[in-house]
8 protein chains.
Amino acid sequence: MTGPDAVDLGFARVDVGREARQGLPEVVYGTGKTAAQITSIVRTLLRHNDGPVLATRVAPEVAAAVVSEVPDGTYDPAARLLGWRPAAPTGFTVVVAAAGTADQPVAHEAAAIATAVGLDVTTVTDVGVAGLHRLLAEQDRLRAADTVIVVAGMEGALASAIGGLVACPVVAVPTSTGYGAGLEGITALLAMHASCAAGITVVNIDSGFGAAMAAFRLSRVARRGAL
Amino acid sequence: MTGPDAVDLGFARVDVGREARQGLPEVVYGTGKTAAQITSIVRTLLRHNDGPVLATRVAPEVAAAVVSEVPDGTYDPAARLLGWRPAAPTGFTVVVAAAGTADQPVAHEAAAIATAVGLDVTTVTDVGVAGLHRLLAEQDRLRAADTVIVVAGMEGALASAIGGLVACPVVAVPTSTGYGAGLEGITALLAMHASCAAGITVVNIDSGFGAAMAAFRLSRVARRGAL
Amino acid sequence: MTGPDAVDLGFARVDVGREARQGLPEVVYGTGKTAAQITSIVRTLLRHNDGPVLATRVAPEVAAAVVSEVPDGTYDPAARLLGWRPAAPTGFTVVVAAAGTADQPVAHEAAAIATAVGLDVTTVTDVGVAGLHRLLAEQDRLRAADTVIVVAGMEGALASAIGGLVACPVVAVPTSTGYGAGLEGITALLAMHASCAAGITVVNIDSGFGAAMAAFRLSRVARRGAL
Amino acid sequence: MTGPDAVDLGFARVDVGREARQGLPEVVYGTGKTAAQITSIVRTLLRHNDGPVLATRVAPEVAAAVVSEVPDGTYDPAARLLGWRPAAPTGFTVVVAAAGTADQPVAHEAAAIATAVGLDVTTVTDVGVAGLHRLLAEQDRLRAADTVIVVAGMEGALASAIGGLVACPVVAVPTSTGYGAGLEGITALLAMHASCAAGITVVNIDSGFGAAMAAFRLSRVARRGAL
Amino acid sequence: MTGPDAVDLGFARVDVGREARQGLPEVVYGTGKTAAQITSIVRTLLRHNDGPVLATRVAPEVAAAVVSEVPDGTYDPAARLLGWRPAAPTGFTVVVAAAGTADQPVAHEAAAIATAVGLDVTTVTDVGVAGLHRLLAEQDRLRAADTVIVVAGMEGALASAIGGLVACPVVAVPTSTGYGAGLEGITALLAMHASCAAGITVVNIDSGFGAAMAAFRLSRVARRGAL
Amino acid sequence: MTGPDAVDLGFARVDVGREARQGLPEVVYGTGKTAAQITSIVRTLLRHNDGPVLATRVAPEVAAAVVSEVPDGTYDPAARLLGWRPAAPTGFTVVVAAAGTADQPVAHEAAAIATAVGLDVTTVTDVGVAGLHRLLAEQDRLRAADTVIVVAGMEGALASAIGGLVACPVVAVPTSTGYGAGLEGITALLAMHASCAAGITVVNIDSGFGAAMAAFRLSRVARRGAL
Amino acid sequence: MTGPDAVDLGFARVDVGREARQGLPEVVYGTGKTAAQITSIVRTLLRHNDGPVLATRVAPEVAAAVVSEVPDGTYDPAARLLGWRPAAPTGFTVVVAAAGTADQPVAHEAAAIATAVGLDVTTVTDVGVAGLHRLLAEQDRLRAADTVIVVAGMEGALASAIGGLVACPVVAVPTSTGYGAGLEGITALLAMHASCAAGITVVNIDSGFGAAMAAFRLSRVARRGAL
Amino acid sequence: MTGPDAVDLGFARVDVGREARQGLPEVVYGTGKTAAQITSIVRTLLRHNDGPVLATRVAPEVAAAVVSEVPDGTYDPAARLLGWRPAAPTGFTVVVAAAGTADQPVAHEAAAIATAVGLDVTTVTDVGVAGLHRLLAEQDRLRAADTVIVVAGMEGALASAIGGLVACPVVAVPTSTGYGAGLEGITALLAMHASCAAGITVVNIDSGFGAAMAAFRLSRVARRGAL
């Protein structure tokens with residue numbers, strides 16, 4: 001123990017005070033961690049917190065090993081997400097809009113994490129701007145949301161289009177889909193920032209996690225407003 | 001008139017339906033427009049809407065010419081913002097945190113626009129991460145906010161630090177201050193996206209306007225939550 | 001004279017055979033040339049060809065000096081275009097669609113050159129994707145065109161949206177408008193290439209000239225088809 | 001069914017109205033899709049449309065599985081293209097000019113797709129500018145074309161050279177061949193845009209598909225001209 | 001032998017005079033070298049020098065082969081470091097501060113090499129700026145150091161924060177951890193250079209070796225001061 | 001006053017505790033500040049500290065105005081540095097080695113600041129690697145230094161060469177001299193990081209200030225070693 | 001046969017006139033070609049020319065297959081070069097100077113090709129600028145050369161140093177060795193162009209082939225001078 | 001005097017031994033130097049050497065001041081070159097081929113410097129690859145040269161085309177002409193490196209000086225060959 005808020009596991013110091021400070025325990029980033037390491041961190045978080053415990057980007061075989069050690073966990077292979085103690089629904093509605101089929105893994109990650117932390121998620125796919133009729137057919141659903149997460153690679157234009165359609169917060173996730181001039185998502189990231197739609201915000205490339213966390217922060221201020 | 005929502009002025013088609021759709025009229029981007037053009041667009045917006053009308057990035061001499069033509073306008077030279085019919089305060093609190101003195105023009109733009117659309121804004125300056133004690137001295141104020149707008153150039157590290165301190169939404173604005181490896185704000189933009197703090201979002205370089213609009217969208221969903 | 005197709009003026013060798021080979025004389029690029037140089041090249045082109053003679057990117061004072069020397073020239077200050085012997089209309093219809101007001105100088109250049117070489121041009125402005133209703137209001141006009149030239153800066157999303165609406169050729173011109181993440185037009189150029197709309201093509205940043213020339217090539221093959 | 005133009009397959013929403021709107025059904029992008037997914041989309045497109053149905057970038061083993069499920073399909077392994085119901089020839093002539101041997105896979109994709117949608121395609125190879133005599137030997141064939149598709153990696157200079165030789169539309173495809181300073185095709189893409197030849201247009205890196213679709217759009221306007 | 005300071009092994013010329021000139025023999029860079037080559041170079045260095053002999057970035061199987069040939073060597077698998085004749089401790093204290101778990105391999109390399117050349121190393125992990133309380137809990141240890149090596153990927157903000165906390169030299173090592181906008185460590189490298197903390201210095205991406213060597217240079221000037 | 005360590009001047013919060021924490025007061029970055037602002041900050045720093053007070057990158061006319069208000073200041077126009085209460089010499093020797101004449105302004109800044117904070121500075125110029133004999137003629141002076149600051153633009157190769165000659169710490173400053181492929185100093189910065197010389201460290205482009213501050217940090221640890 | 005100078009093999013058109021035009025037959029670039037294709041091209045070149053026939057970047061197993069089909073070929077595995085009918089020595093002397101061990105594969109390619117076309121090649125290795133004494137020990141050999149090929153990765157500084165030592169032509173080859181800030185050879189390429197040494201020239205990254213061909217062109221003009 | 005080869009002028013150390021070592025005195029780079037500085041350096045070079053003395057990139061007013069102080073100098077305003085004691089012609093022939101009119105300033109610099117150091121220079125302009133007939137009309141002149149310097153901006157394709165036409169050395173100079181995707185010459189530089197023509201070499205952007213110096217090195221080896 002190196003302080004009241006951190007538990008030292010040798011290979012990592014787990015922040016067990018984040019739930020108190022920010023309303024959600026630290027989320028475990030699975031890339032590069034062994035099943036034993038994830039198991040150890042997850043157990044620590046479960047013991048010192050009350051809310052949901054999540055591990056992202058976990059490969060299926062690693063997930064199986066962890067779940068066999070830590071009871072009551074569920075694994076969502078499409079989102080590559082491990083979770084325990086999902087939060088009760090809060091009624092804060094999020095629409096995850098994915099431009100194309102190739103953007104679905106990132107959209108799945110965003111949706112699964114947002115659901116696990118208590119948001120009410122709907123997913124809409126294949127609404128890229130090259131087919132405006134499909135996008136416009138979803139207008140009502142988009143306008144009813146408390147927040148829209150836009151997941152788009154290639155030129156990332158969907159963020160601008162939805163930014164102009166809805167009045168609620170828009171969180172854009174550039175994806176690394178596409179090839180050539182898409183520059184592994186850099187083009188979409190830059191394009192979303194250069195957008196002509198006012199007030200949309202952007203998270204890192206392929207970061208469904210970042211978008212879900214941004215929506216979670218929004219949901220907290222909205223609930224605060226409700227009191 | 002090319003449709004119910006647009007008024008054609010020849011040199012521009014003004015979107016007079018945005019207030020109804022998104023809760024705020026189109027904001028006029030002043031760069032490259034003459035005083036006569038701004039005057040004409042502002043008059044159109046004032047006539048077809050009821051809420052605040054704003055023009056950003058307006059040079060002092062252009063502003064003086066517009067104000068002399070359109071009554072009841074005010075000009076904020078630090079923010080380079082022209083405004084009419086500011087919104088009544090909504091009680092949604094925003095802290096604008098600027099890392100250094102050089103970031104203040106962008107912070108001013110964010111604060112002035114946010115205020116004009118009804119948000120309750122406080123500004124905190126010189127809280128860069130190279131002086132953590134100054135940042136920590138502002139913790140309580142930051143934690144009490146409904147939203148924090150972080151304005152930082154150079155390495156943009158303030159966004160990560162504040163993202164870890166507060167639970168509310170954080171909107172980061174990279175600025176083009178600094179020199180050399182700062183790459184006119186590109187480094188800060190990339191760094192904010194690569195941040196280790198979960199759920200912070202980013203807008204375009206130097207876009208105090210974009211951050212204020214993002215906060216405005218947040219305030220609307222918060223108020224919706226309040227009903 | 002260094003060959004049947006070139007006239008040597010000392011400071012330049014004028015390609016007087018291009019009209020025969022490509023249906024249009026060499027177009028003079030005005031940047032960095034003196035009034036005397038432009039005058040000399042224009043006279044050579046007028047003497048050895050029968051069709052339109054054009055000089056692009058000519059400053060007003062240079063244009064005035066050239067026009068005073070070479071009779072029957074006209075100068076379009078918005079397009080910065082000098083021209084002699086405009087082509088008769090061919091009936092090939094081009095719509096130039098500009099995303100925003102800031103894109104108009106490039107749109108003007110495209111429209112003026114296209115008109116001078118015999119195309120039938122209509123210009124549509126303020127149809128950026130953040131205001132889809134304004135774009136959709138122009139659908140019929142866009143669909144009736146033989147070719148659409150899309151002029152857009154910032155994130156360049158308009159090219160994708162129009163590419164999905166129309167069946168005819170779409171030539172996209174990225175512009176250097178915007179700031180920060182727009183990277184002086186590089187972001188729009190890359191985004192247009194990464195577009196999810198199939199079969200749109202792209203020319204250089206701010207090159208209204210390139211788009212007009214591409215449309216001229218299209219008009220020739222269309223007329224060939226008509227025979 | 002989420003609208004008259006889209007069929008919802010769960011994992012994708014197929015745009016079955018594109019043939020009516022743009023003269024050609026949606027083309028399936030095979031990368032990352034399973035044989036079952038491609039089979040399902042292709043069946044939907046065949047049922048709701050009358051024209052050619054195509055799937056690009058399909059690996060041989062995936063193609064074999066799809067062809068065994070959906071009768072009358074053909075697979076072109078060099079182009080990695082699956083097709084059903086190829087269009088009847090329209091007489092619109094396209095020359096695909098590939099700079100070097102390494103550019104042939106992209107040239108094959110362009111040629112196979114263009115043929116499948118009804119264009120009359122000839123391919124010319126090894127005509128890079130370092131061997132001008134080989135290029136000049138093909139002048140007549142190039143000048144007779146309705147459109148030339150130029151496929152070139154490395155420095156992409158072939159686009160400029162052909163742009164100066166022919167009067168018809170030129171669509172340039174940068175390829176990712178070469179190494180080092182070629183930057184995986186970025187150098188060729190930028191060089192083609194900076195070309196000194198007026199009116200050539202560019203599509204994404206390695207996008208033989210994009211070039212073929214651009215040529216298809218051209219063929220439609222040419223046929224319209226013919227009426 | 002091509003000179004008094006170099007021994008020619010055919011495939012390499014070993015600099016056996018560096019120990020005399022710079023206080024430490026040449027360090028062998030293991031990447032791309034065979035076990036036989038490393039064995040040969042190490043033997044040469046051991047024979048012509050008296051101090052520590054090190055080989056970095058050596059894979060486990062290569063290391064085993066070398067150790068079986070050259071007696072008294074030790075291999076640190078976490079640091080991928082092979083060493084002979086470690087230096088006696090000099091009392092010069094270095095704290096290696098790693099922002100997150102993913103930065104540990106680079107931190108291990110820095111710590112192991114610094115220890116092998118006689119520095120007194122302590123490692124601190126999981127002190128990223130998104131959890132300032134964990135960083136501040138280590139303030140005393142950081143301030144007591146003669147030099148701090150900061151190892152951080154993503155946005156690299158830890159360098160700025162520690163630069164503001166301590167008065168001693170700070171050597172920052174950007175790492176290639178993270179994804180998307182992290183650009184394989186380029187973002188962290190640029191951000192560390194653009195830092196608002198005065199007088200921090202930076203070495204190459206993932207170069208724990210470079211940081212340890214910089215600290216070794218510092219320790220020599222400090223000892224010189226002590227005389 | 002917002003805390004014991006900061007004095008709030010309205011437009012800036014001055015960190016008056018840095019001298020106690022880091023051995024040197026905050027250095028004022030003059031770019032973009034008015035003479036009145038610099039005067040006010042300097043007065044505050046002089047009042048709350050005992051050591052040297054410095055303002056960098058101050059234009060001559062601004063400097064004259066400040067000096068007329070705050071007694072005992074000196075201005076070094078080559079270094080664009082304003083200073084009060086220079087530190088007594090500490091005997092810590094620094095050689096500033098500038099590759100070429102064009103690098104001298106940055107070398108001046110480094111030398112003047114290092115001198116003002118108590119270091120014993122010698123400057124060596126025109127020792128670029130294209131003239132190795134001039135560099136080798138300075139070997140003894142370089143080897144006798146406690147630290148070498150290398151100032152070089154273009155390809156920045158001097159850092160590698162000196163890194164191989166001396167055993168002491170080497171701080172490299174890339175400069176924005178040169179043109180074309182020098183990329184305003186980015187090439188030199190990257191090249192210095194990719195250097196084959198072990199243990200050299202790098203600061204921001206043109207940052208003579210950063211190098212001087214790094215040397216100051218080194219001098220403190222050396223003196224600590226001396227106790 | 002598509003012309004007197006080209007033989008059409010279906011998959012490639014072989015330029016059999018290059019030997020007459022440029023003094024050397026086309027060199028076959030082996031990457032991506034099958035053994036059968038290389039065999040076919042080599043046979044064509046051997047039949048229509050008299051001089052050396054070369055194929056570069058050929059994998060060992062492909063080389064074995066070709067050699068078994070086409071008699072009298074030799075394969076150099078270090079250079080990955082296949083050759084027939086090597087040229088007689090011309091007495092034109094080339095020194096290939098490689099900065100480090102990792103640069104040797106590229107140096108091998110340069111040396112082997114240069115030898116095959118008749119140049120008299122000496123190779124010098126481990127002469128990087130961080131060890132100037134090793135470089136200076138080779139001064140006489142370098143100064144005696146007709147041309148020096150410099151092969152260096154990382155920061156590429158060796159080109160500048162040798163450019164200052166010798167009066168003959170210097171051809172620099174940046175290599176992709178190193179990591180991080182070396183950017184796969186881009187940094188070395190840019191640094192070599194920004195070099196402070198006058199009159200050095202640069203070829204593509206890792207292109208030992210390009211450097212050998214440049215030296216061959218030099219040898220021809222030197223021999224022409226000799227007549 | 002700091003050595004036999006350098007004269008210390010305080011603000012610069014002049015390398016007066018270069019003529020002996022490399023056959024030509026140091027060339028003065030005029031950018032950023034005052035007339036008094038250039039005068040002083042030129043006088044030193046004239047006194048200690050016998051051959052030509054040159055100063056490049058000198059503005060007309062600076063040149064006039066220097067010429068009035070140092071007798072027998074000539075100034076070429078198109079090349080911005082000051083020279084004394086031009087070398088006698090050596091008979092080594094160089095053709096400078098400029099792609100377009102905008103490339104002429106760089107071509108002038110190359111031609112004027114090459115002439116001043118004794119080369120026999122012919123200039124050919126307007127031979128860009130978009131007009132191959134103009135280039136082919138110059139074939140004989142190009143093939144007769146001992147060396148060709150190719151000056152081209154935009155896409156830089158001329159280097160590849162000439163590389164394929166001639167057997168002699170080709171030195172390519174990318175220029176910063178053009179706009180947008182030309183990236184101030186970076187695109188041309190990269191494209192020239194990625195060229196499909198074997199054995200062409202490249203110098204820095206806009207560096208007519210570098211190309212002339214490369215040609216001078218070539219002329220020396222050719223003359224050596226002649227002995």
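Contact annotation for H/L135: only side-chain heavy atoms (C-beta onward) come within less than 4.5 Å of a heavy atom of chain D. With a 4.5 angstrom heavy-atom cutoff, H/L158 does not touch chain D via any of its atoms. H/L190 touches chain D through backbone and side chain together, each having a heavy atom under 4.5 Å away. With a threshold of 4.5 angstrom between heavy atoms, H/L183 approaches chain D through side-chain atoms but not through N, CA, C or O. There is no contact between D/L189 and chain H, counting heavy-atom distances below 4.5 Å.
Between the CG atom of H/L132 and the CD atom of D/Q139 there is a distance of 8.0 Å, given to the nearest 0.5 Å.
Across all their heavy atoms, D/M154 and H/A194 have their closest contact at CB-O, 2.9 Å.
For the set D/A159, D/G163, D/G178, D/S195, the count of heavy-atom pairs under 4.5 angstrom toward chain H peaks at D/S195. When each of H/S160, H/G182, H/G164 is scored by its heavy-atom pairs under 4.5 Å with chain D, the top score falls to H/S160. Chosen from D/I162, D/T187, D/I200, D/I186, the residue pairing most often with chain H at heavy-atom distances under 4.5 Å is D/T187.
Counting heavy atoms from C-beta on, the side chains of H/E155 and D/C196 come closer than 4.5 Å. Counting heavy atoms from C-beta outward, H/V129 and D/V129 have side chains that stay 4.5 Å or more apart.
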